[in-house]
Amino acid sequence: MGPSSIFSPISTPAYRINDVAILVLVISLGIFMVVAGLLAFAVVRFRRLRADDDSEPPQVYGSDPIEFAWTVAPFLIVFVLALATTRTIYEVQAVTKPPGALDVSVIGHQWWWEFRYPDLGVVTANELHVPVSDPADPTPTFLRLESADVVHSFWVPQLAGKTDVIPNRVNEMWIDPQAAGLYLGQCAEFCGTQHARMLLRVYVHPRAEFDAWIATQKAAAVQENSVAAGRRVFETTACVNCHSVDGTIATGRFGPDLTHLMSRDTIAAGAARNTVENLRLWVDQPDAIKPGALMPAMKLEHEDLDQLVAYLASLR
Ligand code: CUA
């Protein structure tokens, strides 16, 4: 199944949710078969015949055994579903953090995700990188979810259930992906015009690959003399009010940190591939990629735009 199916879990919370989802589906299927079967039987068995005399059939009211049966049976079914669900929620939430766990702060913004690794000094956006977690030696990732503006919801179906991201509140969840790969998700709570393009990409790496990724993210920003003109454009426009690049005057927190921009596969929260052409379009007319995005059109002269994009493309 696809990279965002709830039916191909690879992380413990998602396994638990998959189990309870299968249980609910099987019970629902049973109910559907009984109801649809009785309906089909009644339609065929009691259809109008040519020989009908149009008199009313015998009317039956107040049968205690029938009333009792159709009250108790649904009650028991709901009771079983409620217990199974409660148990699953408890099992997922009651886990204590093992020593090998990674901490990541997730901050939902209109309409992108900020990821901060407080113990590693790494900041990135929209593409979360985590190590694979071997069940024999678990290295799960614990997420602290906060919002910079409105309610969002963090959802990567193969890894865990949805957790709301609420202003002035910290929610927590954890994942322990057991296979390397790319897992897709999205914001799952309507949060404004670009809610649909608030996508999530989670890259799960073998340990050595994850450590190498962390090393590239901790490296100082690339400073190439060939793009000094573009850097000057960057530092003298409104870019610096919203974005950060290590080693420059840009320390904004409103938009994504751009220090290692080109290490990402996508821009605009997964709305476009991270190519020089798309970067240029994004800076020039963000609405062409995400109508209503809070990134303003920079209205730069042609030459300044070229230089700025060349600078951005140097931020590996
Ligand atoms: Cu953020 Cu929907």
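Atoms within each ligand, like the ligands themselves, are counted from 1 in listed order.
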Quick one: do Leu184 and Trp111 end up in the same hydrophobic cluster if we chain Ile, Leu, Val, Met, Phe, Trp and Tyr together by side-chain heavy atoms under 4.5 Å apart?
no
Cut-off 3.5 Å, no hydrogens considered: what does the side-chain donor-acceptor table look like for residues 130-146, sequence neighbours left out?
from: Ser133; atom 1: OG; to: Thr139; atom 2: N; distance (Å): 2.9
from: Asp134; atom 1: OD1; to: Ala136; atom 2: N; distance (Å): 3.0
from: Thr139; atom 1: OG1; to: Val132; atom 2: O; distance (Å): 2.9

Check ion pair Asp164-Arg169 (N to O, under 4.0 angstrom):
no
Please state whether the rings of Trp213 and His205 are parallel, tilted or perpendicular, taking 30° and 60° as the class boundaries.
parallel
Can you tell me which residue pairs pass the ring-ring contact (aromatic ring centres under 6.0 Å, His included) test with a partner in residues 294-316, sequence neighbours excluded?
Phe234-Tyr311
Applying ring pair (Phe, Tyr, Trp, His ring centres under 6.0 Å), name anything that partners Trp113, two or more places apart in sequence or on another chain.
Phe154
Take atom 2 (Cu) of ligand 1 and tell me which protein N, O or S atoms are nearer than 2.8 Å.
Cys187 SG, Glu189 O, Cys191 SG, His195 ND1
